[in-house]
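In what follows, a single structure is set out as structure tokens and then discussed.
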Amino acid sequence: MMLMENTQRPETDQTVENTEGGGQLAYVPYKNGIAIKRYRGIAAKVKVPDTIDEKPVTAVEKKAFLSCKTIKEISLPDTIEEIGDWAFAHAEHLRTVTIPNRAFLRGKELFLGCVRLKEIRIRTREELRDLGLGRMLAMAVTVLHDYFLFEPLEVGSDAWIARWDAKLTDLIRLDDLDGFEELWTCGEEDYEGKDYDIKSYPVEKRKMKLRIVYFRLLHPYKLAPAIERELKDYLKASREAWDIIMEEHADDLEYYKLFADSGCITEENFDILLTDLADKGAEIKAYMLKYKEEHLKTSDVFSAFELDW
């Protein structure tokens, strides 16, 4: 989508203050309203107003927030009808975007390089957050790379969920070296802060897949039984599934429960896992020991580990 093609620009950009945290929004007339041309400033939060000069703000021009390194939150008004190409691309610290609950025209790769984007909230649909759908929408454009899922009115529908889950299963079925040759050919020595060689690349690729698999299983809204089984089998087959818990969710009991429910705890690995829990809380240790007592064959469960109450 090409915005502004038929719009006569003023000689000097007009600006309006960003009320959330400073800086300015440059804007231009567009059709019967206003288009945001560019943000200038170093604010962490940006709120695009619904009107400027008594006209509705209907568009965000392409590259309007390109490479804005400080922005963590952006809120778009309900009046928005169009968002141009790469509008928020490479806003590396962007974490939350709020959009209207309506259909609008969109350009390509709106969130390219937004590696920290965690949630896309849809105004007036707050219930989606508890179901994990705002996070799923963010993953759709940053991890699954499917902008057909960037349809606010469709989020949470049976068809939307089915497409999202199909994209996830496609992702976990990909070879873990997929993309490495391109990365190496382009001369990239650093990828999201890690040195990636032929050994470390597939490990980090699996960890990326595991993060989204864990999330989906912990937010199983309309999750089909066949997809659930495949995701749990992926956890069970991945050496890094336990590493993700230890490194990123060591104090979250729900992850241990999911790990166990997926069949990842066995008689063969139990003692090793328990050793890793040496400095973890009593609740987690107790859960692991109870799981062993109830699900694994053993004659003396408490001899394997002494709880520090």
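In this chain, residues are counted from 1 in sequence order.
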Would you call the rings of Phe150 and Phe111 parallel, tilted or perpendicular if under 30° counts as parallel and over 60° as perpendicular?
-> perpendicular
Could you tell me the separation between the CD atom of Glu92 and the CG atom of Leu117, rounded to the nearest 0.5 Å?
-> 13.0 Å
Value for CD1 (Ile83) from CD (Glu61), rounded to nearest 0.5 Å, stands at 13.0 Å
Taking every heavy atom of Cys68 against every heavy atom of Tyr39, the minimum-distance pair comes out as SG-CD2, 4.1 Å
Lys/Arg N to Asp/Glu carboxylate O, Lys62 vs Glu109, below 4.0 Å = no
State which residue, out of Lys205, Lys199, Arg206, fulfils the salt bridge (Lys or Arg N to Asp or Glu O under 4.0 Å) condition with Asp176.
-> Arg206
Answer with yes or no after comparing the ring centroid distance for Tyr291 and Tyr256 against a 6.0 Å cut-off, counting only values under it.
-> no
Just by modelled atom types, is the Ala43 backbone N or O under 3.5 Å from a matching donor or acceptor in the Thr70 side chain?
-> yes
What distance do Thr96 atom OG1 and Lys45 atom NZ have between them, rounded to the nearest 0.5 Å?
-> 9.5 Å
On a heavy-atom basis, the closest approach of Arg163 and Leu149 is CD-CD2, 3.7 Å
Which of these passes side-chain contact (heavy atoms from CB on, under 4.5 Å) with Ile284: Leu277, Leu289, Ile245?
-> Leu277
Contact summary for His90 and Cys114, nearest pair of heavy atoms = N-SG, 4.1 Å
Could Lys232 and Asp261 be called an ion pair, given the rule that one side-chain N must be under 4.0 Å from one carboxylate O?
-> yes
Flag the pair Val57 / Leu76 as yes when at least one side-chain heavy-atom distance between them is below 4.5 Å, and no otherwise.
-> no
Do Ile172 and Glu230 have side chains that get closer than 4.5 Å, going by heavy atoms?
-> yes
Pairwise distance NZ(Lys222) to CD1(Ile227) - rounded to 0.5 angstrom | 15.0 Å
salt_bridge(Arg102, Asp78) N-O dist < 4.0 Å = no
If you round to the nearest 0.5 Å, how far is CE of Met136 from CD1 of Ile212?
-> 8.0 Å
Is there a donor-acceptor pair closer than 3.5 Å between any side-chain N or O of Asp146 and the backbone N or O of Ala140?
-> no
What is the distance from atom CD of Glu82 to atom CD1 of Ile80, rounded to the nearest 0.5 Å?
-> 9.0 Å
So, are Lys31 and Glu81 salt-bridged, with charged N and O less than 4.0 Å apart?
-> no
Report the C-alpha distance between Arg211 and Glu240 in whole Å, list the side-chain angles of each, state the deciding distance to 0.1 Å, and finish with yes or no for salt bridge (Lys or Arg N to Asp or Glu O under 4.0 Å).
-> CA-CA 10 Å; Arg211 291 184 186 102; Glu240 292 79 16; over 6 Å; no
